[in-house]
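The next block holds one structure in the form of structure tokens; read it before the comments.
Read the numbers this way: they start at 1 and go in the same order the structure lists the ligands and their atoms.
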Amino acid sequence: MSDSKPAGRTVLASTIAKPYIDEIEHGVRELTFTPTVVGLLANDDPAAKMYATWTGKTCEAHGFRYQLRTCDKNDLEAALVTANHDPDVHGIMVYFPVFGDNQDQYLQQLISPQKDVEGLNFLYYHNLYHNVRFLDPPHNEQKSILPCTPLAMVKILEYLGVYNKILPYGNRLFGKKVLIVNRSEIVGRPLAALLANDGATVYSADVNDIQQFTRGDDLSHTRHKVVELDPEEYSVATVAPRCDVIITGVPSENYKFPTDLVSYGTTVINFSSAKNFDDDIKLRAGLYVPSIGKVTIAMLLRNLLRLIDNQAIRDRKADKT
Ligand code: NAD
């Protein structure tokens, strides 16, 4: 095959986000109140400030109210508790890092699960890892919340047609091989689990090793399986050419995924804020998504509407009793 002209397509996050944004705007119009997101900023990192400004603009553009509350890092705990108890606050996000150590995890978990728009509460992670899709079994009315970035990736893979809609729900990635270069607790590991729970064989690489995630033994809600792969036999270089999908999230401008490891027609997605692929990836990738931020924020707003729906279900039930 000639290496001169791209035969595939670059797909922008804004294109993928559009139908979700339309659905979200419709959802907000149906409400009798304006949902409010509070962003808590307790560091002076300019990147966090920029992200906060961008989140605010996006929320306001789609019918939500956004309040940025800045405070000293030692006052963050109190600010969080206030927001948790405020009935006029529907979603809360904190811009991390704050202390840059385990205290950040404590603060993250202090956000009420009912207001955790980013889906980072351990309850939601536990459900994700255990393939539990509802919060209220056996009624199964309140859907569990998924962390925004892994959820955005699922929606991107659906949009790109990697999910096979003819197969049963929960097995639509059957037979697909996916490489994910990142195993952070925020994105890479939950993403590997989600895709394995949907039937994919996932190779999860980080700086140290490579692991394989596959689905549980049957189509019921079984937890995925993880095995450490033998580094003599498995590496990014040996696995990548066999994969249908390659996803990267390496937070370094110096890191470039080697284009020659990518087979022609592969679906390629970068979620790092750094550019993990050189431009010649377009000569190899069937579909290439260079960044995903706009889908992630759409998922954050979608999560907020889901939290509001779940609350409405709980309120209705409480009224009946
Ligand atoms: P992190 O630092 O917690 O994790 C980085 C991961 O990459 C680790 O698993 C590490 O082992 C792995 N890694 C680093 N260098 C590697 C290498 N050379 N080979 C293989 N693996 C390597 O970071 P994070 O929170 O997962 O964020 C990663 C990137 O994704 C950042 O740039 C962040 O800004 C971006 N991000 C984007 C979104 C979005 O929605 N667009 C959301 C979250 C994070």
In the protein, which heavy atom is nearest to [atom], and how far is it?
| atom | answer |
| --- | --- |
| atom 12 (C) of ligand 1 | N182 CA, 4.0 Å |
| atom 9 (O) of ligand 1 | R183 N, 2.7 Å |
| atom 37 (C) of ligand 1 | F271 O, 3.0 Å |
| atom 3 (O) of ligand 1 | S184 CB, 3.3 Å |

Find all atoms of ligand 1 within a distance of less than 4.0 Å from any non-hydrogen atom belonging to [X], and give their numbers and elements.
| X | answer |
| --- | --- |
| S272 | 29 (C), 30 (O), 32 (O), 35 (C) |
| V187 | 43 (C) |
| T296 | 39 (C), 40 (O) |
| V181 | 19 (N), 20 (C), 21 (N) |
| I292 | 39 (C), 40 (O), 41 (N) |
| D206 | 9 (O), 11 (O), 20 (C), 21 (N) |
| P251 | 2 (O), 5 (C), 31 (C), 32 (O) |

* Hey, is ligand 1 close enough to Y255 that some N/O pair sits below 3.5 Å? -> no
* To do: Kindly confirm or rule out an N or O of V207 lying under 3.5 angstrom from an N or O of ligand 1.
  =>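 So ligand 1 has an N or O lying under 3.5 Å from an N or O of V207.
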* Mind running side-chain hydrogen bond (donor to acceptor under 3.5 Å, both in side chains) on N171 and R215 for me, showing each step along the way? => CA-CA 9 Å; N171 197 35; R215 66 167 313 124; 2.9 Å; yes
* Asked: Among the heavy atoms of G249, does any lie under 4.0 Å from an atom of ligand 1?
  ->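 Checking ligand 1 against G249, which is what was asked, there is a heavy-atom contact under 4.0 Å.
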Is a donor from one side chain sitting under 3.5 angstrom from an acceptor on the other, for [X] and [Y]?
| X | Y | result |
| --- | --- | --- |
| D198 | Y163 | yes |
| D104 | Q108 | no |
| E77 | Y106 | yes |
| R65 | Q67 | no |
| R183 | N208 | no |

* To do: From the options V250, T149, N276, select the one whose nearest heavy atom is closest to atom 15 (N) of ligand 1.
  =>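 Residue with the shortest heavy-atom distance to the ligand atom: V250.
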* Any idea which of S273, A152, A205, C148 brings a heavy atom closest to atom 32 (O) of ligand 1? -> S273
* Are V181 and V245 joined in one hydrophobic group, where the rule is that I, L, V, M, F, W and Y side chains link up if heavy atoms are under 4.5 Å apart? ->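 Different clusters: V181 never reaches V245 through Ile, Leu, Val, Met, Phe, Trp or Tyr contacts under 4.5 Å.
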* Taking I269 as the fixed residue, which of T248, L160, V162 is the one that meets the side-chain contact (heavy atoms from CB on, under 4.5 Å) rule? ->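 So, applying the side-chain contact (heavy atoms from CB on, under 4.5 Å) to I269 and each of T248, L160, V162, only L160 qualifies.
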* Over all heavy atoms of both residues, which pair between V178 and C243 is shortest? Give the atoms and the distance, please. => C-SG, 4.0 Å
* Hey, what's the ring geometry for F213 with H224, parallel, tilted or perpendicular (30° and 60° as the breaks)? -> parallel
